[in-house]
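This report refers to the structure that appears directly beneath it.
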Amino acid sequence: MNKVFIAPGRYVQGRNALSEAGVLVGALGKRVMTLWDAQVKAIVGETLLASLQGAGLTVEDVLFNGDSTKAEAARVAQLIQERKVDVIMGVGGGKTLDTAKAAAAATGVKVVTCPTVASNDSPTSSFTVWYDEQGNCNGFESWGTNPDLVLVDTQVIAQAPVRTFVAGMGDALSTWLEADACSKKRSPNLAGGTATMAAKALAHLCYDILMEHGLEAKRSVEKKIVTPALEKVVEANVLLSGLGFESGGCATAHMIANCLPSYPECHGLMHGHEVGFGIITQLCLDDDMPVALAHRIVDFEISIGLPVTFADLGLPGVTRERLARIGEICGGPGSLCENHPFPVTPDDIVDAMIAADALGEERKRLLKS
Ligand SMILES: [Zn+2]
């Protein structure tokens, strides 16, 4: 199998980077569709529109319906054709960006992702996560190409809710652990090959940056300030995490995270929060995991406020019977858990989740004392 590494065409990050949108987007096309919701438009609309129009671009302003459903992507794709735009710019959270990517793939126009929260690695990836009209996750789809431009304004990210930033760190924290599992198994990544040395190094860098600067970066978002730590962790959450998962591969942490939304109690959680608990499950599943390293990771998660127990997930006292369904999916054929260099059964998964909850409880207790 070939080694394959995929990446966005250009990544631009910095304080007030949005004010450079006109020049950057203008290099891709002259008729631009902005896709955003009213709330996001109220925050960044004035700056962004001034930059795009100041560069002589024609802007078609479209409001996002709120969920990345196939119907919404088809509606946006039709608007792209009717209004003859050559670039679509998704501005906002992962669902808006994912819909922009899907509509661009359907119509062949260029795509720009402009995240206003650093809550996941959607901005850099080639994937769309689909939801149905009821808000249930319906799987994901790759478009084979990554966004032409990722534009990240750290001044905007610093103003976003802290829990979105913490979720982004959960999504990013899993990257190295999962890429490392795939690498040991020689499993394919999500780009259709095995991991390059570059992907593995970036995944590890992502982990290092979070462990060193994550807590300080979270404080920056609490204070709504842009600091060197915030800049580093935004890059980890958005760029390194995206490159690392797509060109490195995923394993149990994401498989658990993909299953948790099936519990109604978890609907208030963001993807990265669910990955946070998935990481601890993976740590408890892998007999090769040094105990000190596992404890360091759990303690870090507790320090930044990621869920580490069933109670944190909204599932206090969840029974083994209820967990069995997740066990079957994770231990079944085609699961990301096959990307470990050891077999994973449904019972292994249920036991690892129970062990993760117990470990989370114990580390919380120890950190308090
Ligand atoms: Zn993820």
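Atoms within each ligand, like the ligands themselves, are counted from 1 in listed order.
With sequence neighbours left out, the side-chain contact (heavy atoms from CB on, under 4.5 Å) criterion links E216 to R219, A229. With sequence neighbours excluded, the residues that form a side-chain contact (heavy atoms from CB on, under 4.5 Å) with K184 are D180, D288, P341.
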Return all side-chain donor-acceptor pairs below 3.5 angstrom for residues 48-58, not counting sequence neighbours, or 'none' if the list is empty.
unit_1	atom_1	unit_2	atom_2	d
S51	OG	S19	O	2.9
S51	OG	A21	N	3.3
S51	OG	G22	N	2.8

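Ion pairing between a basic and an acidic side chain is recognised when a charged N comes within 4.0 Å of a carboxylate O; D61 and R83 show no such pairing.
A 6.0 Å sphere centred on NZ of K110 holds no more than 12 heavy atoms belonging to other residues, nucleotides or ligands. The number of heavy-atom neighbours closer than 6.0 Å to CZ of F140, taken from other residues, nucleotides and ligands shown, is 12 or below.
Panel detail: the Zn ion (ligand 1) has protein N, O or S atoms under 2.8 Å away, 3 in number.
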